[in-house]
Amino acid sequence: MLTQNLGYPRIGSQRQLKKACEQYWAGKIDLKELNKVARSIKEQNWQTQLDAGIDLIPCNDFSYYDQVLDTSLLLGVIPKRYSPVLSQVKANCEIDLYFAMARGYQKDGLDITAMEMTKWLDTNYHYIVPEFTENQDFKIFNENIFSEYNVAKQHLGEKAKPVLLGPVSYLMLGKEKEPGFERIDLIKKLVPVYIEIINRLRLQGVKWIQFDEPCLALDLSKKEKEAFEYAYRVISHGVSGVKLLVATYFEALLDNTQLAVNLPITALHIDLARAPEQLDEVLALIPDYLQLSLGVVDGRNVWKNDYEKSLALIHKAVEKLGADRVIISPSCSLLHSPIDLELETAMDTEIRNWMAFAKQKLTEVNEIRQIMEGNTTLLETNKAALQSRRLSQKVHQQVVKDRVASITDAEASRKSAFPLRQQLHNERFNLPSFPTTTIGSFPQTDDIRQLRARFKKGELTLEQYEKTIERATVDAIRWQEEIGLDVLVHGEFERNDMVEYFGEQLDGFLFTRNGWVQSYGSRCVKPPVIYGDVSRPKDMTVRWSTFAAAQTKKPMKGMLTGPVTILQWSFVRDDQPRDVTTNQIAFAIRDEVLALEQAGIGIVQIDEAAIREGLPLRKAKHPHYLDWAVKAFRITASGVQDKTQIHTHMCYSEFNNIIAHIAAMDADVITIETSRSQMELLEAFAHFDYPNEIGPGVYDIHSPRVPTTEEMASLLAKAADLLPARNLWVNPDCGLKTRKWPETKAALQNMVAAAKLAREQISVESAT
Ligand code: GLN
Ligand code: ZN
């Protein structure tokens, strides 16, 4: 029985690649230095995989920025706007063209925008979106895959397996840059280049090639299905002597099973961590030559594998196929998990014994094979670790479980319907029409960041730290009053990150020292780990919210992060369904909302920045997800009295398919991102007759540019054409923490002026 790996993290266990890239961009090291760092990461990764006893080890899974961008460079899919860069970079400097595509190019009198970035399926990894034109040409443009294989071969011999994004997924994940064609139709032009690549690799000695085709597990149109059939039929005719592996992950094949198992390839990989139930159907339909790679070790979490469960799946496959047609594997590339648990020397040792990062997951794959071959001791050790987790007091709190198990409908509903609440809010806050507010954070200067870091390291006393945060908060409040904002915020100077801040104060969360995961390019995130039942030992935000409220007569918003967002941006438990974990967080945040209310805070904002990105990949699963996600928000928001105003904020602009669920959240006010789409998305709200109040962002905070009063006033006028003016708020697209003060001040002054103009020019019918 073979083992394989699909991909390994490439940032380096100490984030060496991040540092090297950033130094290269800053001109502090040259290309030779950068390549040296890359080479040493690759070699280390290969050695780790060899040591772990993996048979098929990926190469070309390394990337300086992103593997989809690598594919674009390999295939010569370079948007026209980069032609000037192309002519400037010398043959050995293709990497500068590559980074220009990733990051934009502002040098030598040129100013070329970067390519768009978007989330890699349902992960938090972002890829660079390929741009296609109607007459798109493909050719081998970049030689990295060939040179990397040569190096890999020296280290790994026949075990080296080049990885390539498959042709159909490559097209599907891109976008058309001009009208009049469908990118999937480019498959006929694309496949010959893939054949050329495969044949060159074969001449270099390649035995196996892995094609990542995650889109094979998505909802596919007829044309897309045909593209899969076509591509692999033509490829299999065009090449011989190489074993082709097609890897799917993150979802079950479902209605694409027939299609997938009948592709003329040597082996198919399926994700049995996400979708173990698909094994039966795959085994029922599999033709008698196809090898099956079983992704049993979850590549997207931090937990030890349950060997018994994995073995049951493997036994089932071996029974039908025989051991020589079965390959054992992680479920997907290990890119999405932290690198090495051994570095977490400060972690609670009991909890650490429940976990596995990328390196440990490779060992798991190998151990599972050894157990299949008769080594039962390994199984016993694994069982003991799992048993310790199952029974640990650190994981289980009966009160928390009971509370979640007994949710009542009343707990998830506001006491009265929105119109009555709105009336109470109008009386209580007496705000002008087009009330102005901001989304929460104000610019985080280096001083503030350093202050928090030094306090964390113990270099400052609590008193020193709080004094400075107080000063920043007071300054921000004075300034908001001066420019005439209506609903104020405290500025979030005490927060490093909107999830981490809460995770650090809730029970059931832990933080790693080195658990970095690539988010995009050189950016990495270190998500918190939710390991146990979640509860809230004490107030989390009351101290700063009440301090801020005491500085002003104007209403002060309390600021919280919502349960779905906290879940989505953490590593979560795999021993209970996601919705149960979310509901536990929901009750903890609900208690915080109530504590704020008790402390006199009349307006509380619960950010749900990530509700939309939690949408499952398959449409059929959307309703179930949206139901529990909305319910979790409602649990959080519904404990309060009618007179308390609940806001929510979402930072994205596509609501079309989910608008009914957004309305079902029943927030009194929702603020959303709209400025770049020129209010287009408000049509979804208008069409739906969205009943509650809404603040469409009029100021794009993703750019340092200061919008003018007139342009924001005209956005408000557009909004008032679509929605009842009495329900409109005036605010930026998102929080301001990444901006600098001067542009923020100028923009918000203009925004307040725009609201004044709107009050003069747009009539608002009575609110009742
Ligand atoms: N309240 C948060 C802030 O202002 C919201 C951030 C977000 O939506 N991503 O920073
Ligand atoms: Zn936002």
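In each ligand, atom 1 is the first atom listed, and ligand 1 is the first ligand listed. Keep in mind it's a predicted model, so treat the numbers as computed, not measured.
For atom 2 (C) of ligand 1, the closest heavy atom belonging to the protein is Asp607 OD2, 3.4 Å. Nearest protein heavy-atom neighbour of atom 6 (C) of ligand 1: Met498 SD, 3.5 Å. Among protein heavy atoms, the minimum distance from atom 8 (O) of ligand 1 is reached at His649 CD2, 2.9 Å.
Between Glu592 and Arg536 a salt bridge is recorded (basic side-chain N to carboxylate O distance below 4.0 Å). Contact check on Glu494 versus Arg543 returns no salt bridge, with no Lys/Arg side-chain nitrogen under 4.0 Å from an Asp/Glu carboxylate oxygen. A salt bridge is defined here as a Lys NZ or Arg NE, NH1 or NH2 lying under 4.0 Å from an Asp or Glu carboxylate O, and Arg573 with Asp533 meets this definition.
Each of the atoms 4 (O) of ligand 1 lies under 4.0 Å from some heavy atom of Gly440. Annotation for ligand 1: atoms under 4.0 Å from non-hydrogen atoms of Cys651 are 7 (C), 8 (O), 9 (N). Within the listing of ligand 1, atoms 1 (N), 2 (C), 3 (C), 4 (O), 10 (O) sit less than 4.0 angstrom from a heavy atom of Glu492. Applying the 4.0 Å criterion to heavy atoms of Gly735 picks out, from ligand 1, the atoms 3 (C), 4 (O), 10 (O).
If you check the side chains of Asp607 and Gln605, you find a donor sitting under 3.5 Å from an acceptor. A donor-acceptor contact closer than 3.5 angstrom links the side chains of Arg452 and Gln444. Counting only N and O atoms by type, the side chains of Asp486 and Thr436 include a donor and acceptor under 3.5 Å apart.
Polar contact check, Gln605 against ligand 1: no nitrogen or oxygen pair lies under 3.5 Å apart. Looking at ligand 1, you won't find any N or O of Leu736 less than 3.5 Å from one of its N or O atoms. Here's the thing with Ser441: one of its N/O atoms is less than 3.5 angstrom from an N/O atom of ligand 1. Backbone and side-chain nitrogen or oxygen atoms of Trp569 are examined, and none is located within less than 3.5 angstrom of a nitrogen or oxygen of ligand 1.
Between Lys737 and ligand 1 there is no heavy-atom distance shorter than 4.0 Å.
With rounding to the nearest 0.5 Å, the separation of CD1 in Ile477 from NZ in Lys554 is 12.0 Å.
Ring pair Trp628/Tyr625 is perpendicular by interplanar angle, where above 60° counts as perpendicular and below 30° as parallel.
If you look at Met650 next to ligand 1, there are no close heavy atoms at all, none under 4.0 Å.
Taking the side chain as every heavy atom from C-beta outward, Asp579 and Lys631 never approach each other to under 4.5 Å.
With the Zn ion (ligand 2) as the vertex, NE2 (His649) and SG (Cys734) define an angle of 120°, rounded to 10°.
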